[in-house]
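Step one of this worksheet: look at the structure below.
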Amino acid sequence: MQMSDSYNQKNSLFTAMSRFIGAVNNMDQTVMVPSLLRDVPLDAGEPSEALRPASGDGGGMYGSYVLLKSIRNDMEWGVAQNGVAQNGVLQNGGSDATRLAEDEDDLEKQFHFHLNGLHAVLSKLTRKADTLTSRYKEEIGCRN
């Protein structure tokens, strides 16, 4: 019983969020001069669109750094919701509200789908923050 409880806790959303926030905090404390990341390209095996910020900060490690910090801040402080009412119904039109009402029968299925997706994305972002921290240390010649 304890083995499965330990496994479930390891794969919980709270644990994934905590690992991500910890990795970004470590990255933030390690990267003392973020502008040094501007000239450092992403890994060769990584798709360049994977972590490109929508704000136009560019790609590369600096763009990833800005994006990871932004996501951490959104997770810690909440997201400014554009087009969403207080009750969670979209204000953009009735078709979205109708679709949401029709899908209420599948709420558990939707929840598990999005939870699995969120967990996968958080794991990828955590690895990206760890990679960025390691690459920064390599660039400045610091090996710990």
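By the rule that hydrophobic residues join a cluster once side-chain heavy atoms approach within less than 4.5 Å of another member, Val24 and Val33 end up as members of one cluster. At a threshold of 4.5 Å between side-chain heavy atoms, the hydrophobic network of Ile, Leu, Val, Met, Phe, Trp and Tyr places Met75 and Trp77 in two separate groups. Val121 is connected to Phe111 through a chain of hydrophobic side-chain contacts under 4.5 Å among Ile, Leu, Val, Met, Phe, Trp and Tyr, so both are in one cluster.
Without hydrogens or angle criteria, Ser123 side chain to His119 main chain gives a donor-acceptor distance under 3.5 Å.
The line from CG of Leu125 to CG of Asp130 is 11.0 Å long, rounded to the nearest 0.5 Å. Between Ser64 atom OG and Met27 atom CE the span is 9.0 Å, to the nearest 0.5 Å.
Taking both residues in full, the closest heavy atoms of Ile21 and Glu76 are given as CG2-OE2, 3.4 Å, listed atom of the first, atom of the second, then distance. Considering every non-hydrogen atom in both Thr126 and Ala23, the closest pair reads CG2-CB, 3.9 Å. Nearest heavy atoms, Met32 versus Gln29: SD-O, 3.3 Å.
A donor and an acceptor atom, one from each side chain of Ser12 and Thr15, are located under 3.5 Å apart.
Between Val31 and Leu132, the closest side-chain pair of non-hydrogen atoms falls below 4.5 Å. Taking 4.5 Å as the limit, every side-chain heavy atom of Lys128 sits out of range of all side-chain heavy atoms of Lys124.
Scored by the side chain to side chain contact (heavy atoms under 4.5 Å, CB included) test, Leu13 finds Met17, Leu115, Leu118, Leu122 as partners (sequence neighbours excluded). Remark: Arg72 pairs with Asn25 by the side chain to side chain donor-acceptor pair (under 3.5 Å) rule, at least two apart or across chains. Considering only residues two or more places apart in sequence or on other chains, Thr30 meets the side chain to side chain contact (heavy atoms under 4.5 Å, CB included) condition with Asn26, Thr133, Tyr136, Lys137. Scanning for side chain to side chain donor-acceptor pair (under 3.5 Å) contacts around Asp28 gives Tyr65, Lys69, with sequence neighbours left out.
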Show your working on side-chain contact (heavy atoms from CB on, under 4.5 Å) between Tyr62 and Leu36 and close with a plain yes or no.
-> CA-CA 8 Å; Tyr62 181 76; Leu36 290 177; over 6 Å; no

